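Data first, discussion second: the structure below is written as structure tokens.
Small disclaimer: the values here were computed from a predicted structure and weren't measured.
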Amino acid sequence: QVQLVESGGGLVQTGGSLRLSCAASGLTFSTYAMGWFRQAPGKERDVVAAISWNGGNTYYADSVKGRFTISRDNAKKTVYLQMNSLRPEDTAVYYCAIHRQRFNLPPGTKTYEYNYWGQGTQVTVSS
């Protein structure tokens, strides 16, 4: 049974930092691309960042480029999202997800490409 457990969300002031973690189990983690998505109230779930199975390819949404960094530790079966210089518009529920296809390149950016999702972690940035 595939499981994803996110942690690290919380309340932070504008300009602050948070590090999200997503621990996976029940699959050969090192063969799947991973993605971080977010969903604000009343909005669609959109990609924030994605990373290939081996960590060699990454993707960032324009809104987070230069501020967020996605990384993974295949030995720990964990993917991370380091978020710096946070803004109120970053407020959302953040989800990690596993790509539906092994060894996919480049890492996917569409929600339909991901078939397992974590429960989400709330990130709130106060102004």
Side-chain angles (χ1 to χ4, degrees):
Q1 182 180 359
V2 177
Q3 284 191 320
L4 297 173
V5 179
E6 298 120 332
S7 61
L11 173 64
V12 65
Q13 292 185 333
T14 296
S17 298
L18 285 173
R19 189 194 196 202
L20 305 184
S21 298
C22 172
S25 61
L27 78 165
T28 309
F29 178 80
S30 61
T31 64
Y32 291 92
M34 298 292 296
W36 282 101
F37 293 75
R38 67 185 180 187
Q39 188 168 20
K43 295 189 176 181
E44 294 186 349
R45 188 173 300 188
D46 291 323
V47 67
V48 174
I51 188 167
S52 61
W53 57 277
N54 61 357
N57 297 80
T58 57
Y59 168 88
Y60 295 95
D62 287 343
S63 58
V64 306
K65 281 181 181 177
R67 300 189 297 124
F68 291 11
T69 302
I70 189 171
S71 61
R72 65 188 296 158
D73 185 334
N74 285 343
K76 295 183 178 180
K77 297 186 177 181
T78 300
V79 62
Y80 305 97
L81 186 68
Q82 177 67 44
M83 305 185 295
N84 299 329
S85 302
L86 283 161
R87 306 166 180 169
E89 53 264 40
D90 294 319
T91 295
V93 179
Y94 283 70
Y95 300 89
C96 66
I98 299 172
H99 199 275
R100 64 186 180 186
Q101 184 177 345
R102 299 175 69 189
F103 302 118
N104 186 71
L105 280 174
T109 63
K110 306 299 184 183
T111 55
Y112 66 79
E113 297 183 75
Y114 292 79
N115 57 356
Y116 291 103
W117 295 81
Q119 80 286 356
T121 185
Q122 177 70 47
V123 172
T124 302
V125 184
S126 63
S127 56

For [X] and [Y], work out which heavy atoms get closest and say how close.
X	Y	value
Ser71	Val79	O-CG2, 3.1 Å
Thr78	Ser21	CG2-CB, 4.3 Å
Leu18	Leu86	N-CD1, 3.9 Å
Gly9	Val123	CA-CG2, 4.2 Å
Phe29	Asn74	CE2-OD1, 3.2 Å
Thr31	Trp53	C-CB, 3.5 Å

So, do Glu44 and Thr111 sit near enough that their side-chain heavy atoms are less than 4.5 Å apart? no

Quick check: do Thr91 and Gln122 have side-chain heavy atoms less than 4.5 Å from each other? yes

Could you see if [X] belongs to whatever hydrophobic cluster contains [Y]? Use Ile, Leu, Val, Met, Phe, Trp, Tyr and a side-chain cutoff under 4.5 Å.
X	Y	value
Phe103	Leu105	yes
Trp117	Trp36	no
Tyr116	Tyr95	no
Val5	Leu81	no

To the nearest 0.5 Å, how far apart are [atom1] in [X] and [atom2] in [Y]?
X	Y	atom1	atom2	result
Gln119	Gln3	CD	CD	9.5 Å
Phe68	Ser17	CZ	OG	9.5 Å
Thr109	His99	OG1	NE2	8.5 Å
Thr121	Arg38	OG1	CZ	14.0 Å
Tyr80	Asp73	OH	CG	5.0 Å
Leu27	Ile98	CG	CD1	4.5 Å

Short question: side chain of [X], backbone of [Y] - any donor-acceptor pair under 3.5 Å?
X	Y	answer
Tyr60	Ile70	yes
Asp46	Val48	no
Glu6	Leu20	no
Ser52	Pro107	no
Asp90	Ser63	no
Thr14	Ser126	yes

Please report whether the ring centroid of Phe37 lies less than 6.0 Å from that of Tyr114. yes

Using the ring of Tyr32 (Phe, Tyr or Trp, six-membered ring only), decide whether Arg72 places NZ or CZ under 6.0 Å from its centre and within 45 degrees of its axis.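 Pair Arg72/Tyr32 does not count as cation-pi.
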
For Val12 and Met83, what are the C-alpha separation, side-chain angles and deciding distance, and is it a side chain to side chain contact (heavy atoms under 4.5 Å, CB included)? CA-CA 11 Å; Val12 65; Met83 305 185 295; over 6 Å; no

